[in-house]
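Bear in mind the structure is a predicted one, so any value in this text is a computation, not a measurement. Chain letters run A, B, ... following the sequence lines, proteins first, then strands; residues in each count from 1.
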Number of protein chains: 2
Amino acid sequence: MVPQVDTVRERILTEATRLFGAQGVAGTSIQQVAQAAGITRPTLVYHFGSKEGLREAVLDALMAHWRAEVPRLLSAASAGGPRLDALLLAFFDFFRRDPDRARLLLREALDRPQELALRLRRDLQPYTGLLTQAITVGQAQGLLRADADPHAFTVLVISAALGVVATGADTAALVQPEPSVDALQHELIRVARTSLLPPRPENP
Amino acid sequence: MVPQVDTVRERILTEATRLFGAQGVAGTSIQQVAQAAGITRPTLVYHFGSKEGLREAVLDALMAHWRAEVPRLLSAASAGGPRLDALLLAFFDFFRRDPDRARLLLREALDRPQELALRLRRDLQPYTGLLTQAITVGQAQGLLRADADPHAFTVLVISAALGVVATGADTAALVQPEPSVDALQHELIRVARTSLLPPRPENP
DNA sequence: CCTACCGATCGGTAGG
DNA sequence: CCTACCGATCGGTAGG
């Protein structure tokens, strides 16, 4: 009943996020998580009830973390005016700071698509709504390309950024020479900017 | 010693691809695969030696399938001249015909990044080389934007197409209203085209 | 938060 | 290609 700083619980969640992201939930035993957190397995079960309970707690913590970060990110990016590049760069840095979380999210999209969709709707739609609305307004003002689909564009750019962070270093092996993650990030920003802003004939 | 049409082996590979793609390798027991293929588990082990052997055989078959399809695809797309849209559309249709294979590839990128990178390098670089070279030539002729990074662009577009097919239906829940997979596909093609072709002032 | 214990399932082998 | 069997590991519980 008394709220308190539960460091053991936090340690379990941190290690579970890392291991689930790296190996997947099915590929990770709760024994591994317990050991990484420095406790025994029954203790982990005591805290989270079951492996499924741990999985949901990890996802809850993940979404809570992002719900807290995203607004800070949005305001920081638009501080010097609504610069698209700065926003995308901030999004990228945000994901690159937590590659394990990016991987976990991608895995969840594969393992439990419907459950993840529920969480995205509930937790992140308010913020992405700001993005799609900004694009729509920009289009109405003639500042952005009219042929862009604001909703599809937003989903594509976010999931592409996620994909580059989660799997970019190895999918780069598709071509020779292999582009660095930095190069992929830079190109994604260029692609997004170019396909959203109207053509500027002076810079072909 | 005698090569023959091994339908049991093929049935195992088909079911393994489906189940591994849907649930992951760690989340699938070889018992499940054997049952789906209509045999017993020891029979599966007899054919593939171990679960790890099955995994590698599944990946080999996957890459062989693509190595066989991609050239047909490339020539079909450029039949009516080097039309970028047609090529991207063909790539998309190619992935959408096999969503399980797309998911399996994405999972492998998460589970065994280095091993997948080896296979991509060995099996697909020859074909992606054709793409990057075509872009480079187009740039030299002034037909394509000079600021595009041919290698990063190729990796980004392929992995984005893969991501849309593998997880598009649920990541769409990021925004409201949720774009369809068709809308995501259409927008990715528009984004790719717009960011690769030079600006045409007559169509802002 | 731990020790001790449980049934179920895992991948794999023996032997035919 | 199967039946019968194996040790190891899984998630979870009892009890303190």
Side-chain angles (χ1 to χ4, degrees), chain A residues 1-62 103-104 107-108 110-112 115, chain B residues 1-62 103-104 107-108 110-112 115:
Chain A
M1 297 288 257
V2 180
Q4 58 183 27
V5 181
D6 193 351
T7 64
V8 170
R9 192 187 158 91
E10 283 164 13
R11 229 168 20 187
I12 296 173
L13 286 175
T14 300
E15 297 301 328
T17 301
R18 187 177 60 79
L19 288 166
F20 286 175
Q23 310 175 346
V25 174
T28 303
S29 66
I30 56 175
Q31 166 68 24
Q32 280 181 280
V33 178
Q35 185 173 338
I39 55 167
T40 63
R41 181 167 41 80
T43 299
L44 186 153
V45 176
Y46 162 77
H47 278 287
F48 295 97
S50 68
K51 188 182 191 181
E52 181 59 30
L54 175 60
R55 171 187 210 140
E56 288 186 10
V58 165
L59 278 180
D60 284 342
L62 178 66
R103 291 188 193 104
L104 181 58
R107 286 183 186 279
E108 206 62 19
L110 290 165
D111 289 341
R112 308 262 186 118
E115 201 184 302
Chain B
M1 298 289 257
V2 180
Q4 58 182 26
V5 181
D6 193 353
T7 64
V8 170
R9 191 187 159 91
E10 283 165 11
R11 228 168 22 188
I12 295 173
L13 285 175
T14 300
E15 297 300 327
T17 301
R18 188 177 59 79
L19 289 166
F20 286 175
Q23 310 175 346
V25 175
T28 304
S29 66
I30 56 175
Q31 165 68 26
Q32 280 181 280
V33 178
Q35 184 173 338
I39 55 167
T40 63
R41 181 167 41 79
T43 298
L44 186 153
V45 175
Y46 162 77
H47 278 287
F48 295 97
S50 66
K51 189 183 190 182
E52 181 58 30
L54 175 59
R55 171 189 211 137
E56 287 186 11
V58 165
L59 278 179
D60 283 341
L62 177 64
R103 290 185 194 105
L104 182 58
R107 286 184 186 280
E108 206 62 22
L110 291 166
D111 288 343
R112 308 262 185 118
E115 201 184 302

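Rounded to whole Å, atom C1' of D/dG12 lies 14 Å from atom CG of A/L54. Between the P atom of C/dT3 and the CD1 atom of A/I39 lies a distance of 12 Å, rounded to the nearest Å. Taking atom CD on B/E52 and atom P on C/dC10, their separation rounds to 18 Å, with Å as the unit. To the nearest angstrom, P of D/dG12 lies 9 Å from CZ of A/R41. As rounded to whole Å, 11 Å separates atom C1' of D/dT9 from atom CD of A/Q32. Atom CG of B/L44 is separated from atom P of C/dC10 by 13 Å (rounded to the nearest Å). If you take CD of B/Q23 and P of C/dC10, they are 11 Å apart, rounded to a whole angstrom. Put simply, CD on A/Q31 is 9 Å from P on D/dG11, counting in whole angstrom units.
A sub-4.0 Å separation between OP1 or OP2 of D/dC1 and a side-chain N or O of B/T40 is absent. Between A/S50 and D/dG11 there is no side-chain N or O to OP1 or OP2 distance below 4.0 Å.
Test A/V33, A/T17, A/T43, A/V58 against A/I12 for side-chain contact (heavy atoms from CB on, under 4.5 Å) and you get one pass: A/V33. For the side-chain contact (heavy atoms from CB on, under 4.5 Å) test with B/P42, the passing option among B/L44, B/V45, B/T40, B/I39 is B/T40; the others fail.
The nucleotide whose nearest atom lies closest to any side-chain atom of B/H47 is, among D/dC1, D/dT3, C/dG11, D/dC1. Checking C/dG12, D/dC2, D/dG12 against the side-chain heavy atoms of A/K51 singles out D/dG12 as nearest. Comparing atom distances between the A/I30 side chain and each of C/dG11, D/dG11, C/dT3 picks out D/dG11 as nearest. Comparing C/dC2, D/dG11, C/dC10 against the side chain of A/S29 picks out D/dG11 as the nearest. Relative to the side chain of A/P42, the nucleotides D/dG12, D/dC1, D/dT13 differ in distance, and D/dT13 lies closest.
The base-pairing partner of C/dG15, taking Watson-Crick or G-U wobble contacts with both distances under 3.5 Å, is D/dC2.
Around the CD atom of A/Q35, the shell of radius 6.0 Å holds no more than 12 heavy atoms that belong to other residues, nucleotides or ligands.
A/T43 comes within contact range of at least one nucleobase, with a heavy-atom separation under 4.0 Å.
A/F48 is not listed as a side-chain neighbour of A/R55, based on a closest heavy-atom distance of 4.5 Å or more. Under the 4.5 Å side-chain criterion, counting only non-hydrogen atoms from C-beta, A/T28 is not in contact with A/R18.
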